[in-house]
Structures are given as C-alpha cells and as structure tokens.
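Working notes, structure below.
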Amino acid sequence: MITGEIKNKIDKIWETLWTGGITNPLSVIEQLTYLMFIRSLDQKEQELEEMESWGDKVTHIFAKTPTAQAMRWSKFKDLHADTIFATIQSRVFPAIKEMKHGQLPDFDKDGNLVPVVVADKGADDDLESAFSNFMKDAAFIIPNGYVLEKLITGLEDLYEHDLTNVDIQGDLYEHMLSKLTTAGTNGQFRTPKQIREMMVELMAPTADDLICDPACGTAGFLVSAAQYIHRMHGDKMSQEQWNNFYGPMFTGFEIDSTMLRISAMNLMLHSISRPDLRYMDSVSKQNEIKEKFTLCLANEAVICGLTPEKARNFKEFAA
C-alpha cells in the first residue's frame with residue numbers, strides 16, 4: 001500500500017518535472033516511466049548475472065563492453081549531473097528505442113549505434129519490432145542535468161527505502177497514473193484500479209486465455225488480469241502456459257502513440273515482457289480479427305455510442 005509519506009515523495013518528484021517546464025501530466029508520466037524502465041533493465045541484468053554465476057546460460061541485456069556497461073543505472077546514477085544527462089541523452093535513451101530480443105544495442109568507438117543482431121529469430125520477432133516501432137517517435141524531454149539528477153535521486157530514495165517488493169512498485173505506478181483524471185480528446189478514460197480488479201475477479205481469467213483490451217490506454221486491465229492469473233494459477237502453471245503468459249496471452253490496441261509507449265513500459269515493469277500491442281482502432285475496418293480472443297476487458301466508454309455496424313464488429317472481435 002502507498003502511504004502518505006510515499007505519496008509526498010512521488011508528488012515532489014512530479015513537482016520537479018513541473019518546475020522544469022514539463023507540465024502535461026501524460027508527458028510527466030512518460031518521462032518518469034522511461035527512467036523507471038531504465039532502472040529496471042539494470043535490476044534485471046543483475047539477476048541475470050547472478051543466474052550466470054550459478055552456471056545458467058543467459059542472454060544479457062547489456063553488452064560486456066565498457067560503453068554498454070556505462071549505460072547501466074547503477075553505473076551512472078552517482079555521477080555528476082551533466083555526465084548523467086549526457087549518458088542518458090546520447091546513449092541510454094537512443095539504445096532503449098532500438099531494444100530488440102531483450103537486448104540493448106551497443107555503440108562503437110565513434111559513438112555510432114550498433115544494432116542488435118540475432119541469428120535465430122523466433123516467433124516473437126514481430127512483437128519486438130512493433131515495440132521498436134512505437135518507440136521510434138519517443139522523445140527524452142527532461143531539460144537539463146540538474147532536473148534529471150533530482151529525479152534520479154528521488155526515485156532511488158523511493159526504491160531503496162519504500163518500494164520493497166513488486167506489488168508496491170505497481171502501486172507506485174498506479175498512483176502516478178491516477179493523476180490522469182481527465183478524459184483526453186480521443187475519449188481516453190482511465191478505469192480506477194479497484195474497478196478493474198473487480199471486473200477481473202468476476203471474469204476469472206485462466207492460464208489458457210487469450211486476453212485483449214481493445215482500447216488499452218496504459219494497459220491497466222492487462223496488468224490486473226496478469227496479476228490475477230499469477231496469484232490464482234501461478235503455482236500450477238505448466239511451461240506451455242508460462243510461454244503463453246509471457247507471449248501471446250496479452251493483446252492491447254490503442255490509437256494514441258504515447259499511450260502505447262506507456263503501455264509497453266507499464267507491462268514490462270510488471271514483468272510482462274512480450275505483449276502484443278498494436279496501433280489500431282479496434283472498431284474500425286482496419287481490424288479484421290475475428291473470434292481470436294477468449295476474453296475482452298474494456299472500459300464501457302469504449303463501446304458506448306457505437307453505431308450498429310461498429311457494435312457488430314466489436315461482438316465479432318471475441319469468440
């Protein structure tokens with residue numbers, strides 16, 4: 001649970017961005033999400049290094065070169081503000097925009113990005129390419145090293161002293177998203193967490209479901225469904241079901257590129273590493289999917305006021 005003290009710390013971080021000139025709540029969340037994602041990559045890399053020390057074969061997120069290792073949160077977070085800013089602006093952020101197959105690209109001696117190349121591309125390659133496509137228009141708009149250093153210091157304080165487990169980290173993100181209280185021009189509505197969780201409890205998704213949110217926003221419904229499945233079925237799931245969980249189980253459609261980027265980061269922060277996210281209007285002729293999904297979760301505002309033709313299209317969307 002997020003306490004009043006933690007909320008105050010989050011609000012101070014939020015205020016840092018506002019005083020730095022970033023006043024759009026969606027932009028604030030997007031920039032903070034990038035930083036949280038960058039930190040989570042280093043945490044996952046530390047877990048991989050521990051697994052490797054026990055003899056497991058792993059694929060590292062960061063290359064072993066000095067340049068790539070310098071992109072890790074733990075390596076740059078205590079450096080001078082200007083150095084942190086230059087590292088993220090010219091190295092880390094361009095790298096996460098080109099992340100593929102769970103790996104970050106490296107940079108050569110001239111500072112040119114070296115793309116990730118994997119000889120044996122698997123079934124998830126299209127999803128990885130889609131992620132890179134959503135990120136291509138992403139922009140790092142934190143204005144200077146002073147603001148960035150304050151943000152990193154604030155986030156580190158939260159992670160080190162207040163965010164003791166994944167559930168609390170999820171609650172932190174929920175508190176941030178709760179600041180998106182106004183409907184956007186495209187009819188964007190954020191469904192409160194308690195309503196999402198009630199709907200998921202009523203639908204009781206299983207480890208064999210294929211779940212879709214046809215207007216996913218920040219992917220809240222998909223996260224709630226994933227948490228329910230993990231809690232109710234995690235200790236009984238087969239390897240095939242876990243492959244479904246990390247791969248094709250979760251699909252989200254959205255017509256706002258910023259929301260898609262936040263969705264991808266949100267799902268990855270909740271350990272859903274390969275969701276199928278698409279830029280698409282789910283009730284338009286562009287969507288030709290029929291009877292694919294076993295469960296659709298959505299805010300009713302998505303389907304209110306649809307024409308009869310669009311309503312029929314929506315009904316055909318799921319089995």
Side-chain angles (χ1 to χ4, degrees), residues 1-2 123-124 127 165-178 180 187-254 259-260 262-278 280-283 287 289-306 310-319:
M1 177 182 292
I2 297 291
D124 298 320
L127 303 186
N165 57 55
V166 173
D167 291 334
I168 295 294
Q169 292 180 36
D171 289 343
L172 160 66
Y173 205 74
E174 285 294 330
H175 178 66
M176 287 169 49
L177 294 177
S178 71
L180 294 177
Q188 298 156 346
F189 293 85
R190 179 185 170 273
T191 309
K193 182 181 179 184
Q194 62 270 29
I195 302 299
R196 295 198 320 259
E197 291 182 344
M198 179 190 70
M199 292 172 65
V200 170
E201 291 276 348
L202 289 171
M203 299 309 298
T206 72
D208 297 312
D209 273 318
L210 293 176
I211 302 170
C212 179
D213 183 343
C216 65
T218 57
F221 272 116
L222 299 179
V223 168
S224 293
Q227 291 174 331
Y228 176 90
I229 292 168
H230 196 283
R231 183 175 71 252
M232 300 301 292
H233 307 293
D235 59 345
K236 303 182 291 290
M237 287 168 61
S238 65
Q239 186 58 54
E240 182 179 357
Q241 288 172 323
W242 278 115
N243 290 340
N244 182 47
F245 184 90
Y246 291 120
M249 178 178 282
F250 302 103
T251 297
F253 299 143
E254 181 53 62
M259 287 292 191
L260 276 171
I262 291 177
S263 291
M265 300 291 107
N266 190 16
L267 289 165
M268 289 189 179
L269 286 169
H270 285 86
S271 300
I272 304 168
S273 55
R274 298 189 300 276
D276 185 0
L277 299 176
R278 307 185 193 184
M280 185 164 69
D281 182 349
S282 58
V283 293
N287 180 15
I289 299 173
K290 294 183 179 180
E291 300 183 357
K292 175 179 179 180
F293 305 106
T294 58
L295 178 61
C296 285
L297 294 165
N299 187 317
E300 69 171 333
V302 172
I303 55 174
C304 283
L306 294 182
K310 284 192 172 183
R312 282 194 295 273
N313 289 342
F314 184 81
K315 289 177 181 178
E316 290 176 348
F317 193 59

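In this text, all values refer to a predicted model and were calculated from it rather than measured experimentally. Only heavy atoms go into these numbers, but all of them, side chains included; no hydrogens, no water, no symmetry mates.
Side-chain N/O atoms of N243 and Q239 include a donor and acceptor closer than 3.5 Å.
Under the side-chain contact (heavy atoms from CB on, under 4.5 Å) criterion, D209 pairs with P205, T206, I211, T294, not counting sequence neighbours.
F253 CZ to D276 CG: the interatomic distance, rounded to the nearest 0.5 Å, is 6.5 Å. Going from atom CG of L295 over to atom CG of D213 covers 10.0 Å, rounded to the nearest 0.5 Å. Taken to the nearest 0.5 Å, the OG atom of S224 stands 11.0 Å off from the CD1 atom of I195. Taken to the nearest 0.5 Å, the CG atom of L297 stands 10.5 Å off from the CG atom of L202. Here the CG atom belonging to D281 is positioned 14.0 Å from the CZ atom belonging to R278, to the nearest 0.5 angstrom.
Identified under the salt bridge (Lys or Arg N to Asp or Glu O under 4.0 Å) test for residues 222-232, with sequence neighbours left out: E201-R231. The ring pair (Phe, Tyr, Trp, His ring centres under 6.0 Å) analysis of residues 215-234, with sequence neighbours excluded, yields the pairs H230-W242.
Counting only heavy atoms from C-beta outward, the side chains of I262 and E254 never approach each other to under 4.5 Å. Taking 4.5 Å as the limit, some side-chain heavy atom of I229 sits within range of a side-chain heavy atom of M237. You'll find the side chain of L267 reaches within 4.5 Å of the side chain of L277, heavy atoms only.
Taking all atoms of both residues into account, the shortest heavy-atom contact from S263 to A219 is OG-N, 3.5 Å. Listed here is the closest heavy atom pair of I289 and M280: CD1-CE, 4.4 Å. For the residue pair A226 and F245, the shortest heavy atom distance occurs at O-CE1, 3.7 Å. Of all heavy-atom pairs spanning C212 and L222, the tightest one is C-CD2, 4.4 Å. For K236 against Q241, the heavy-atom pair with the smallest separation is O-OE1, 4.1 Å.
Of the possible polar contacts, none joining the E197 side chain to the Q194 backbone as a donor-acceptor pair under 3.5 Å is found. Using a distance-only test at 3.5 Å, with no hydrogens or angles considered, a donor-acceptor pair links the side chain of N244 to the main chain of A207.
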